[in-house]
Amino acid sequence: MIRVTLPDGSVRELGAGATGSALAASIGPGLARAAVAISVDGAVQDLGRPLPDGATVSIITERDPDALALLRHSAAHIMATAVRDLFPGAGIGFGPAIDEGFYYDFAVDRPFTPEDLEAIERRMDEVITSDFPFTREVVDRSEAKRRFADDPLKLERISELGDDETITVYTDGPFVDLCRGPHVPSTGKLKHFKLLSGAGAYWRGDSSRQMLQRIYGTAFFRKDELAQHLMRLDEAKKRDHRVLGKQLDLFFFHQFAPGAAFWTDRGTAVVNELQRYMQQLQRDGYHEVRTPLMYNKGLWEISGHWGKYKENMFLVHDNETGEHDFSLKPMNCPSHYLMYQQKKHSYRELPLRYATYDVLHRNEVSGALSGLTRVRQFSQDDCHIFLMDRQIQAEVHRLTNFILKYYETFGLKATLKFATRPEERIGTDQMWDEAERALRHALEATGLPYELKPGDGAFYGPKIDFDVEDAIGRRWQLGTIQLDYAAPERFDLSYVGEDNTTHRPVVIHRAVNGSFERFLAILIEHFAGAFPLWLAPEQVRIVPISDAQTEAAAAVTARMRDAGIRAHLDDRHETLNYRIREGEIAKVPYMAVVGQREAEGNTLAVRTRGAGTKQDVVAVDEFVERLVGDIRERRLGPG
RNA sequence: GCCACUGUAGCUCAGGGGUAGAGCACUCGAUUCGUAAUCGAGCGGUCGUCAGUUCAAAUCUGACCAGUGGCUCCA
């Protein structure tokens with residue numbers, strides 16, 4: 001007899017050697033059906049394993065957050081089962097559950113085609129129908145090596161396992177895999193899955209190692225969840241900023257300038273608007289500066305970039321020395337330090353905030369480039385703040401509020417991450433204690449929840465990162481507040497304190513957008529191209545019904561432009577329907593139609609984006625006033 | 001950088017060893033219209049670049065350029 005304690009505190013007696021499945025069955029048939037695994041003293045394990053006496057257990061069902069990862073891991077095994085069947089001799093790499101599904105890497109002699117994926121899916125269906133149980137077996141090292149003698153990838157993994165680790169092997173039907181587990185009880189548990197794509201992936205992510213073929217897939221417990229996930233992927237595709245950017249005529253790329261965007265007049269209007277907003281927010285207490293884009297290597301030697309970051313810098317050839325002694329700047333920080341060094345600073349000036357929008361270049365490897373999200377040329381809303389230790393808390397508090405307010409303007413919900421001292425770091429423990437304490441206090445003052453990332457800080461100081469969630473639930477890391485104790489040392493920065501002696505300031509690196517390029521990519525996808533009025537490249541399109549109203553419509557357009565509104569007149573000799581359609585496709589927030597009635601009455605028939613034929617006849621004055629107000633307040637909408 | 005795929009008109013795409021196709025856009029003409037495509041005509045391409053194979057290459061081969069997906073969320 002054994003006794004186990006359930007989550008509600010009750011104790012159950014079971015026969016010796018009773019398994020999780022037996023426990024579930026003893027509680028009820030519904031639970032037995034819904035059970036996928038069991039937590040024993042906090043560790044998740046297979047239902048089929050015997051329960052130890054005296055354990056505290058809880059049955060894990062589909063509703064449990066851990067259950068999905070388990071299902072997906074099992075799905076990866078089922079996929080491998082199918083692949084091994086269709087591609088005998090395929091080597092088996094890693095096959096974990098990931099955030100949105102699972103993958104498995106295979107050593108095969110050719111990449112998988114879309115047809116292969118379909119065939120694998122069909123074979124998986126058969127494996128599922130067979131409802132093979134997942135069985136666990138503990139083996140010793142030599143037995144493990146014997147079992148996987150024909151698979152060098154697995155042998156490599158086995159040789160790395162520590163002597164104190166239990167080596168386990170899982171079998172489902174014909175497929176045997178080295179695996180830590182746990183798994184769902186049988187292959188039949190997998191009902192709703194889809195293979196999504198195949199791609200090359202290095203063994204262990206190391207580009208000097210063998211290239212494997214990876215298959216990505218996803219799986220859910222419920223059919224509607226899978227359908228919803230697939231719909232979300234589809235929605236993300238539709239919102240792709242690269243597609244919308246072309247459609248809305250915002251920017252383009254050219255093969256002669258890989259990784260650097262060309263901004264059209266429309267795109268430039270949006271970027272300018274973003275920068276103007278940032279400038280407005282930074283009117284008080286910030287010094288906007290401009291510094292050179294290109295520097296002699298001497299600067300990079302001091303900053304440490306020449307040693308550690310050279311690979312990512314664009315070096316420039318100097319005709320006089322014949323050497324590549326110059327580099328385009330990949331970051332603004334050193335420029336700001338040089339600017340700080342130019343004068344002697346009093347403690348009274350601190351915190352001193354230098355803000356800039358300078359263009360930066362980073363030589364990303366060609367394969368990493370992607371639309372506006374990974375580029376080689378970009379500009380940041382960068383700011384470096386020089387301050388005293390005791391000012392850190394107040395400054396971080398101020399910055400955090402600033403950043404959150406900014407995101408709120410776009411309807412982006414932010415979450416915070418707090419990264420503390422890493423293993424490899426500079427500075428004393430006392431300094432880190434103080435820095436982390438100050439950051440944490442500032443964080444807590446916001447009243448927002450934050451995630452702790454121990455050991456994730458920079459070597460030169462702790463940091464706060466800001467993640468935002470967009471309209472379709474995707475997360476992006478954007479802003480950052482980083483404390484830096486190293487740079488002031490390297491650049492010998494100082495200020496004169498109240499005591500009339502020299503002190504070392506601390507530097508805070510702060511970015512809100514990250515880069516304008518990437519932020520705009522996120523905004524395009526977040527708004528699906530339908531920018532709020534204040535950001536829209538074209539805010540109003542004025543559409544006269546016939547030539548008789550062209551003059552009146554032109555007068556309205558001029559009137560709006562005078563009021564600072566980006567208004568365009570569409571007096572082409574096309575039908576009204578045609579022009580309305582084009583305006584809708586261009587996602588212009590408002591179309592103001594001028595017919596005879598409007599021209600005579602000094603009104604506009606306003607069509608609001610997304611509102612269809614529902615129109616709103618308003619006086620020109622009133623409409624202009626309304627738009628100017630909405631733009632000034634940077635209201636979200638319309639739509 | 002590495003692997004796979006892709007590159008045909010301004011855009012989206014079809015075709016494919018024997019003189020380049022469609023729709024939209026653009027130009028011109030007609031239409032002057034009340035809220036998502038009026039009709040007709042016309043213009044437009046060294047088929048990403050450079051080599052090679054071939055009687056013949058947009059098509060096959062190679063190199064290069066560019067784009068797309070991916071390159072440990074650890075058995």
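Each chain gets a letter, A, B and so on, in the order its sequence line appears, and its residues count up from 1. Computed over heavy atoms, backbone and side chain alike; hydrogens, waters and symmetry mates excluded.
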Which one, [options], comes nearest to the side chain of [X]?
X: Ser546(A); options: C74(B), U32(B), G67(B); answer: U32(B)
X: Ser366(A); options: C26(B), A36(B), G1(B); answer: G1(B)
X: Arg180(A); options: C3(B), C74(B), C65(B); answer: C74(B)
X: Ile98(A); options: G70(B), C73(B), C74(B); answer: C73(B)
X: Met211(A); options: C3(B), U35(B), G69(B); answer: C3(B)
X: Arg607(A); options: A66(B), A36(B), G70(B); answer: A36(B)

Between [atom2] of [N] and [atom1] of [X], the distance in whole Å:
X: Arg609(A); N: U35(B); atom1: CZ; atom2: C1'; value: 17 Å
X: Phe253(A); N: C11(B); atom1: CZ; atom2: C1'; value: 18 Å
X: Leu70(A); N: C73(B); atom1: CG; atom2: C1'; value: 16 Å
X: Tyr104(A); N: C73(B); atom1: OH; atom2: P; value: 16 Å
X: Phe262(A); N: A66(B); atom1: CZ; atom2: C1'; value: 13 Å

For [X] and [N], is the shortest distance between a side-chain N/O and OP1 or OP2 below 4.0 Å?
X: Arg214(A); N: C71(B); value: yes
X: Tyr216(A); N: C71(B); value: yes
X: Arg242(A); N: G69(B); value: yes
X: Lys614(A); N: U35(B); value: no
X: Ser370(A); N: G69(B); value: yes
X: Asn577(A); N: A36(B); value: yes

Task: Polar side chain donor-acceptor pair, His573(A) to Asp547(A), under 3.5 angstrom - done: yes
Open item on the list: Applying side-chain hydrogen bond (donor to acceptor under 3.5 Å, both in side chains) to Asn577(A) and Thr575(A), what does each step give before you reach the verdict?
Closed with: CA-CA 5 Å; Asn577(A) 276 322; Thr575(A) 58; 5.5 Å; no
Rounding to the closest angstrom, what is the interatomic distance between [N] and [M] at atom [atom1]?
N: A37(B); M: C3(B); atom1: P; answer: 49 Å
N: C24(B); M: G67(B); atom1: P; answer: 31 Å
N: G23(B); M: C43(B); atom1: P; answer: 14 Å
N: U12(B); M: U6(B); atom1: C1'; answer: 15 Å

Task: Enclosure of Glu165(A) CD (heavy-atom neighbours >12, cutoff 6.0 Å) - done: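 Enclosed: over 12 neighbouring heavy atoms sit under 6.0 Å from CD of Glu165(A).
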Task: Close side-chain approach of Phe519(A) and His526(A), heavy atoms under 4.5 Å - done: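 A side-chain contact is absent here, since even the closest heavy-atom pair is not under 4.5 Å.
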Open item on the list: Apply ring pair (Phe, Tyr, Trp, His ring centres under 6.0 Å) to residues Phe175(A) and Phe132(A) and explain how you reach the verdict.
Closed with: CA-CA 10 Å; Phe175(A) 182 65; Phe132(A) 297 123; over 10 Å; no
